[in-house]
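The structure under discussion appears below in the form of structure tokens.
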There are 2 protein chains.
Amino acid sequence: MSRPIDFYFDFSSPFGYLASLQIDTLAERHGRLADWRPFLLGAVFKVAKTAPNALVPLKGSYSERDWERCARLLGVPLTLPPDFPFPSQAAGRAFYWLKAQDESAAKELARALLAASFVEGREVSKPETVLEVADAQGLERAAVEQALQDESVKQRLREETEGAIERGVCGSPFIFVDDEPFWGNDRLAMVDLWLERGGW
Amino acid sequence: MSRPIDFYFDFSSPFGYLASLQIDTLAERHGRLADWRPFLLGAVFKVAKTAPNALVPLKGSYSERDWERCARLLGVPLTLPPDFPFPSQAAGRAFYWLKAQDESAAKELARALLAASFVEGREVSKPETVLEVADAQGLERAAVEQALQDESVKQRLREETEGAIERGVCGSPFIFVDDEPFWGNDRLAMVDLWLERGGW
């Protein structure tokens, strides 16, 4: 099997959520796996001196309409939680803590966290919400609670974020097929074609 | 025939150029015309407090790679002129001056100006280049030269730009199907589907 596709996303990103619903099927169609790599988009905004689209004049109202339209086209629910756009440190830490033990369980947790935000409209910025979602996934609450405070887990998320920026990640979702970069949920069709043709 | 599709673009936009090669065929497939409406993206950047992607850290190098990849996929040439990203007042003024007389000729001029930038790598920011391109289109040089200085022509471009911003245009290209907004060359497939289904 070829190298996994790198799937970078921020837990607070509506397009990250929409891409998360499609990326594994897309990868598997080409005999690949998708390596889910949440990062902190806020760090990209600092480097690029930009802001979340939701907060940018003109882009904000367009983006909201566009997210909803893309979700309707996919036939999936999309709601924006009250804390949107939100800091996703707690979600990212829980994910990497679990990924070190069980990658498949970490993906399931990520799916549940994205659904908590964008389907159920819950505030995933709050560690308490992350603990509740993890609990519903059968994870031990005390262990997750400790992980969220663990310095090495925090460091792991920082390193993933720094590594993403070093590779040129400039938004969420961001996908690498081998070393070819693709930014945006609206690049998935192109990722599909790139995998099919082996580039062009 | 239904209402034309509004095709907003800045003459300095590589994705505007790529969309310009596809928009008329797309519109005609659905029994529509495309109304070409160049505007000044710089005015959007002022309102949105953003900058051209080419000048934004991380986004700049990604964008250049993405433009070239999109052009290769379409099988069309793409070069970035030395003045890129450039102020496109002269091109926009020549366009609207001609559009008031002959819409079809104005589209041809627009195509020639976009090709001058993105195929031939010429500096369309310079009025002299616009005059040369117009001359090659068989337009009278003195008349175009006068138009570029005409206060009512300048005002027309300003009004188009202000009107675009009032409608929510936040980038180039930007397309309205009736009042449904679509931002980006990578939304053309969705525009096609929207026209086919009458929305969703």
Side-chain angles (χ1 to χ4, degrees), chain A residues 8 15 39 41 43-75 164-172 174-177 179-194 196-197 199-200, chain B residues 8 15 39 41 43-75 164-172 174-177 179-194 196-197 199-200:
Chain A
Y8 286 96
F15 277 134
F39 71 103
L41 195 49
V44 170
F45 294 145
K46 270 184 199 155
V47 172
K49 297 185 178 59
T50 53
N53 271 351
L55 307 182
V56 174
L58 295 175
K59 288 187 181 180
S61 56
Y62 174 78
S63 294
E64 193 163 331
R65 186 171 186 151
D66 194 38
W67 294 323
E68 288 167 1
R69 183 171 59 193
C70 289
R72 290 198 308 273
L73 181 59
L74 279 172
I165 290 172
E166 273 163 32
R167 290 184 80 182
V169 168
C170 60
S172 168
F174 203 101
I175 292 149
F176 286 94
V177 176
D179 287 319
E180 187 71 18
F182 297 88
W183 172 25
N185 179 62
D186 47 22
R187 279 286 172 277
L188 289 183
M190 197 179 275
V191 168
D192 200 26
L193 200 59
W194 190 269
E196 188 185 311
R197 298 191 185 174
W200 56 81
Chain B
Y8 287 97
F15 277 134
F39 70 103
L41 196 48
V44 170
F45 294 145
K46 271 184 200 154
V47 173
K49 298 185 175 57
T50 53
N53 271 350
L55 306 182
V56 173
L58 296 174
K59 288 188 182 179
S61 55
Y62 174 78
S63 294
E64 193 162 331
R65 185 171 187 152
D66 194 39
W67 295 323
E68 288 167 1
R69 182 171 59 193
C70 289
R72 290 199 307 275
L73 181 59
L74 279 173
I165 290 173
E166 274 164 30
R167 290 185 79 180
V169 168
C170 59
S172 168
F174 204 101
I175 292 149
F176 287 94
V177 177
D179 287 317
E180 187 71 17
F182 297 89
W183 172 25
N185 179 62
D186 47 22
R187 279 287 172 275
L188 289 184
M190 197 180 275
V191 168
D192 201 24
L193 201 59
W194 189 270
E196 189 184 310
R197 298 190 185 174
W200 57 79

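In the text below, chain A, chain B and the rest are named by the order of the sequence lines, each starting its count at 1.
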Turns out that what part of T50(B) lies under 4.5 Å from chain A's heavy atoms comes down to side chain

Closest non-hydrogen atoms of A48(A) and P57(B), given as atom of the first, atom of the second and distance, are CB-O, 3.5 Å

CG (D186(A)) and CG (L188(B)) are apart, to the nearest 0.5 Å, by 11.5 Å

Cut-off 4.5 Å, heavy atoms of chain A, and the answer for K59(B) is both

Applying a strict 4.5 Å limit to non-hydrogen atoms, the region of L193(A) in contact with chain B is side chain

Ranked by heavy-atom pairs below 4.5 Å to chain A, first place among A189(B), C170(B), G199(B), G171(B) goes to C170(B)

Contact list (residues 63-71 of chain A to chain B, heavy-atom gap under 4.5 Å, by number) returns R65(A), D66(A), R69(A), C70(A)

By ring pair (Phe, Tyr, Trp, His ring centres under 6.0 Å), F45(A) pairs with (sequence neighbours left out) none

Counting heavy-atom pairs under 4.5 angstrom with chain A, the leader among V47(B), L73(B), V56(B) is L73(B)

Rounded to the nearest 0.5 Å, the CZ atom of F174(A) sits from the CG atom of L58(B) at a distance of 8.5 Å

